[in-house]
> 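This is the structure I want to talk about, given as structure tokens.
The first residue of the sequence shown is numbered 1, and numbering continues consecutively from there. Excluded from the calculations below are hydrogen atoms, water molecules and symmetry mates; all remaining heavy atoms, backbone and side chain alike, are included. Counting convention: from 1, in listed order, for ligands and their atoms alike.
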Amino acid sequence: MSDLKQQVENVRSSFGQAVASVMATDALQELRVRYLGKKGELTTLLKSLGKLPPKERPQAGEALNALRDQLEREIEQKKQELTRAEDTAVEVGDRLDVTLPSRGRAVGAFHPVAQTMHEIVSIMQGLGYSVALGPEIEEEHYNFECLNMPSWHPARDMQDTFYFPDEKENAPEGKGQRMLEERMLKGRMLLRTHTSPVQVRSMLQYGAPLRIVCPGKVYRRDNDPTHSPMFNQLEGLLVEEDVSFSVLKGSLRELMNGFFERELKSRFRASYFPFTEPSMELDIECVECSGKNPNCRVCKGTGWLEVCGMGMVHPFVIRSGGVDPERYNGFAFGMGLDRMAMLKYGINDLRLLFDGNVSYFLSGRDV
Ligand code: PHE
């Protein structure tokens with residue numbers, strides 16, 4: 001191999017190593033100067049061409065030009081790689097170290113009740129329902145009267161209510177007093193005890209036909225290990241012409257099987273709610289033991305779990321919603337989302353749902 005050929009090969013291999021170890025664009029610029037600058041290694045070789053015997057010049061020239069093209073190509077390629085990496089790299093002071101590993105992602109998760117709510121809402125959306133929301137601070141009128149529960153109705157005691165204080169006595173004379181009296185005529189304000197007031201509110205707003213679900217917080221004066229004063233419900237309402245009870249049964253079966261991701265036995269038990277007639281409660285097969293364990297802590301050995309109240313909407317309620325009960329009928333159901341979450345995710349203590357210890361839900365059962 002001639003002297004020059006040897007030198008070309010040396011430059012090629014030393015450049016190859018150098019370019020592979022370059023980690024930043026400014027180092028790449030230095031490399032370019034070292035090889036292709038005025039006094040660069042390759043430039044010096046090109047300059048030495050003139051000293052060769054004329055016979056050898058064309059071939060040597062060709063080899064050197066080919067090398068120059070190669071170096072330029074490789075530098076350009078590396079430059080693109082580096083700028084792409086630097087764009088996404090972690091910044092360290094005013095320098096970028098593209099060799100640093102990426103920062104870990106913060107781990108987060110939806111609360112199991114929020115997950116449950118999303119899952120049930122999306123199943124119901126698949127059945128043609130839209131989401132409607134209502135206020136948590138509600139009028140007595142929507143929470144009770146419109147739902148066929150006048151003040152003397154014994155069922156009001158079933159839902160021990162948080163009322164806002166009656167400020168009438170303390171109100172100042174004059175305008176304030178009058179405003180309060182007007183409000184008193186509409187009834188007291190309270191924290192809604194169920195999501196059912198949204199039935200009437202959405203009929204008034206959208207009319208019929210209508211299919212809605214309403215997830216949300218509700219409040220009752222309960223506070224013990226199995227009842228929280230604030231919990232979550234999901235209401236469903238369908239108002240159409242000629243709706244039969246079997247549509248309600250079918251829809252709820254679809255919902256339960258979809259939510260628990262398997263075929264579950266279910267049964268409908270006669271029950272009572274003032275705003276539905278007839279009224280039923282839905283029981284599903286125990287998701288823990290399927291009725292096989294007489295000592296099951298989830299179903300208490302009964303094999304069944306109560307999951308949902310429901311019924312055909314009472315004509316009184318349809319009328320309260322401004323819809324003609326002679327033409328339209330429908331069904332409604334209401335279920336506790338906290339309970340559904342506990343059943344699906346095997347959470348055995350309600351209080352865990354209000355606990356800030358996220359690790360319980362992320363890493364399994366050891367709290
Ligand atoms: N609102 C009832 C409850 O809170 C549940 C329900 C809703 C029952 C709709 C029938 C129809 O217990």
> Nearest heavy atom to atom 2 (C) of ligand 1 wins, so pick from Y272, F275, F333.
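Among Y272, F275, F333, the closest heavy atom to atom 2 (C) of ligand 1 belongs to F275.
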
> So is T193 polar-close to ligand 1, meaning N/O to N/O under 3.5 Å?
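N/O-N/O distance under 3.5 Å: no.
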
> Which atoms from ligand 1 have a heavy atom of S196 less than 4.0 Å away?
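The atoms of ligand 1 under 4.0 Å from a heavy atom of S196 are 1 (N), 7 (C).
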
> Any atoms of ligand 1 less than 4.0 Å from a non-hydrogen atom of M310? List them with their elements.
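This gives 8 (C), 10 (C), 11 (C) as the contact atoms.
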
> Show the numbers, then the answer: is there a side-chain contact (heavy atoms from CB on, under 4.5 Å) between R211 and L237?
CA-CA 6 Å; R211 289 183 194 196; L237 171 71; over 6 Å; no

> With ring-ring contact (aromatic ring centres under 6.0 Å, His included) as the rule and sequence neighbours excluded, what pairs involving residues 25-70 come up?
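Of all non-adjacent pairs touching residues 25-70, those that pass ring-ring contact (aromatic ring centres under 6.0 Å, His included) are F15-Y35.
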
> At less than 4.0 angstrom from any non-hydrogen atom of Q233, what atoms of ligand 1 do you find?
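Under 4.0 Å from Q233, ligand 1 has these atoms: 3 (C), 4 (O).
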
> Angle between ring planes, H153 versus Y272, binned at 30° and 60°: parallel, tilted or perpendicular?
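Aromatic pair H153/Y272 classed parallel.
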
> Once ring-ring contact (aromatic ring centres under 6.0 Å, His included) is applied, what residue pairs with a partner in residues 54-76 remain, sequence neighbours excluded?
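Counting only pairs at least two positions apart or across chains, no ring-ring contact (aromatic ring centres under 6.0 Å, His included) contact touches residues 54-76.
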
> At a 4.0 Å threshold, what atoms of ligand 1 neighbour a non-hydrogen atom of Q199?
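Contacts of ligand 1 toward Q199, numbered from 1: 9 (C).
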
> What atoms of ligand 1 come closer than 4.0 angstrom to any heavy atom of R220?
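The list of qualifying atoms is 3 (C), 4 (O), 12 (O).
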
> Between R156 and E140, is the closest basic N to carboxylate O distance under 4.0 Å?
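Yes, E140 and R156 are salt-bridged.
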
> So, do H194 and F275 have ring centers that fall under 6.0 Å from each other?
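Yes, the ring centres sit under 6.0 Å apart.
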
